[in-house]
Amino acid sequence: MFNKPRSGLRDAGTDGQRIRITDLNAGYPGRPVLHQLTFDITALTMSALVGPNGSGKSTVLGVLARVIDPTSGQLHYAAGRPPAFVPQRGAVGDALPLTARQTVEMGRWGQRGLLRRLNRHDRALVDSAMQRLDITDLATRQLGELSGGQRQRVLIAQGLAQNSDLLLLDEPTTGLDPEARERITVLLRDLVSDGTTVIQATHDLQAARSADSCLLLSQGRLVAQGPPDQVLTPTALSRIWQPA
Ligand code: ADP
Ligand code: MG
C-alpha cells in the first residue's frame with residue numbers, strides 16, 4: 001500500500017527535513033479533524049505528537065503513513081523508504097491466533113505480498129528485528145499470552161522488519177508499567193542514533209519529554225511545536241488538558 005505513487009508528493013529537499021507538511025487538512029467522511037497543520041519533521045530525530053484523546057494524533061500518523069488522504073494541503077517526503085507504521089496496541093486484535101514470530105513476519109508482507117513465501121533476506125530482517133527487541137525467546141508464543149510490554153515489543157519488531165528509515169508509532173508506551181515504558185523509550189532513542197527518524201503519538205508526558213521535538217495538538221490544531229521544555233510547559237498543558 002505504501003508503494004503507490006501519490007500526486008502532491010515531492011522530494012522535501014536536502015535541508016535535513018524528512019517530512020514537510022504545509023496547510024494540511026484531513027479527516028474522515030463528513031468529519032474534518034485536522035485543520036491547517038504546518039510542520040517539519042527533521043531527519044534522524046524523534047518527534048512526539050502530544051495531545052489529549054481525540055486531539056487528532058492518530059489521524060496525523062494515518063496521514064504520514066499515507067493511509068489517510070489529506071483533503072487539502074501538501075505532504076512532502078525527502079527521498080527515503082516508505083514509512084513503517086506501528087499501530088496502537090489493541091487496534092491489532094490481540095486475540096488473533098498468531099505467534100509472536102508470525103506477527104513480526106507480517107512486517108514483510110508489504111514488500112513480499114501476502115501469498116509469496118518469505119525469502120532469506122526477509123527472514124534475516126525478521127530475526128534481527130526480534131533480536132533487537134529481545135523477543136527471540138517468545139517466537140512461538142501466542143500474542144494473547146504475552147504481557148502488554150512484550151506484545152508492544154512484538155509490534156515494534158514488526159515495524160522494524162519493514163526496514164524503513166522512518167518509523168511511525170501510535171501510543172507505543174500507553175498502558176505499560178513504568179519499566180516497560182522506559183525500555184521502549186530507550187529503544188526508540190537507540191533507533192534514532194542508528195539512523196531512523198522516529199515519530200510517536202503519545203499522551204505519556206515522560207515519553208514526550210524524551211523526544212527532540214514535540215508537536216502539541218488540541219482539537220486538530222497545532223498549538224505549539226519545539227523542544228519539550230519549551231512546549232510541554234505547565235501552562236500549555238493545563239490549557240489543553242482542561243475538561244471541555
Ligand atoms: P487521538 O489519536 O489524538 O486520540 P484521533 O486522531 O484518533 O485522536 O481522533 C480525532 C478525531 O477524529 C476524534 O474526534 C475521533 O472521534 C475522530 N475519528 C477518529 N477516527 C475516526 C473514524 N475512523 N471515523 C470518523 N471519525 C474518526
Ligand atoms: Mg490515537
Side-chain angles (χ1 to χ4, degrees), residues 1-2 4 6 19 21-41 46-75 83-96 148-149 151-156 158-159 162 166-177 180-181 184-185 188 197-211 213-226 228 231-233 236-244:
M1 124 179 58
F2 294 137
K4 262 194 292 184
R6 297 276 176 100
I19 305 178
I21 299 283
T22 316
D23 295 329
L24 179 107
N25 293 283
Y28 307 92
R31 173 96 179 81
V33 172
L34 303 178
H35 308 283
Q36 293 297 119
L37 299 191
T38 294
F39 61 88
D40 289 339
I41 299 290
M46 168 151 38
S47 302
L49 294 162
V50 192
N53 274 331
S55 57
K57 303 181 297 295
S58 296
T59 307
V60 172
L61 285 184
V63 170
L64 297 179
R66 291 143 77 169
V67 180
I68 298 174
D69 279 331
T71 43
S72 64
Q74 275 119 39
L75 184 54
F85 181 38
V86 180
Q88 188 165 3
R89 202 161 43 93
V92 186
D94 294 338
L96 286 177
R151 218 175 301 153
Q152 186 61 59
R153 283 189 281 136
V154 170
L155 291 182
I156 296 175
Q158 185 191 80
Q162 292 174 47
L166 177 57
L167 184 64
L168 314 174
L169 307 103
D170 201 351
E171 307 268 5
T173 59
T174 295
L176 303 182
D177 62 49
R181 288 210 304 258
I184 285 171
T185 297
L188 296 180
T197 304
V198 173
I199 307 174
Q200 63 167 320
T202 186
H203 59 255
D204 170 359
L205 289 180
Q206 212 178 326
R209 286 187 208 286
S210 75
S213 171
C214 291
L215 299 152
L216 190 59
L217 283 170
S218 174
Q219 300 181 26
R221 292 177 195 280
L222 193 58
V223 293
Q225 57 181 312
V231 169
L232 306 177
T233 61
L237 295 178
S238 66
R239 200 178 299 138
I240 71 163
W241 253 280
Q242 251 168 22

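Because only heavy atoms are used, hydrogens play no part in the values below, and waters and symmetry mates are left out as well, while side chains stay in. Numbering of ligands and ligand atoms starts at 1, following listing order. Numbering of residues begins at 1 and proceeds along the displayed sequence.
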Does some side-chain heavy atom of [Y] sit less than 4.5 Å from a side-chain heavy atom of [X]?
X: Pro228; Y: Cys214; result: yes
X: Asn25; Y: Leu34; result: no
X: Ile21; Y: Gln74; result: no
X: Ser210; Y: Met46; result: yes
X: Thr185; Y: Gln206; result: no

Near the Mg ion (ligand 2), which protein N/O/S atoms fall under 2.8 Å? Ser58 OG

Which residue holds the protein heavy atom closest to [atom], what is that atom called, and what is the gap in Å?
atom: atom 4 (O) of ligand 1; value: Gly54 N, 2.7 Å
atom: atom 9 (O) of ligand 1; value: Thr59 OG1, 3.9 Å
atom: atom 15 (C) of ligand 1; value: Arg31 NH2, 4.3 Å
atom: atom 19 (C) of ligand 1; value: Tyr28 CE1, 3.4 Å
atom: atom 8 (O) of ligand 1; value: Gly56 N, 3.1 Å
atom: atom 7 (O) of ligand 1; value: Ser58 CB, 3.6 Å

Which atoms from ligand 1 have a heavy atom of [X] less than 4.0 Å away?
X: Val33; value: 10 (C), 11 (C), 12 (O)
X: Pro52; value: 3 (O)
X: Asn53; value: 4 (O)

I'd like to know if the side chain of [X] reaches the main chain of [Y], judged simply by a donor and an acceptor atom lying under 3.5 Å from each other, with no hydrogens or angles considered.
X: Thr59; Y: Gly27; answer: no
X: Lys57; Y: Pro52; answer: yes
X: Asp23; Y: Gly73; answer: no
X: Arg181; Y: Thr173; answer: no

Could you establish whether Gly51 and ligand 1 come within less than 4.0 Å of each other, counting only heavy atoms on the residue side? no

Heavy atoms from other residues, nucleotides or ligands near CD of Gln36 exceed 12 (cutoff 6.0 Å): yes

Give, for atom CD1 of Ile240 and atom CG of Leu217, the distance between the pair rounded to the nearest 0.5 Å. 8.0 Å

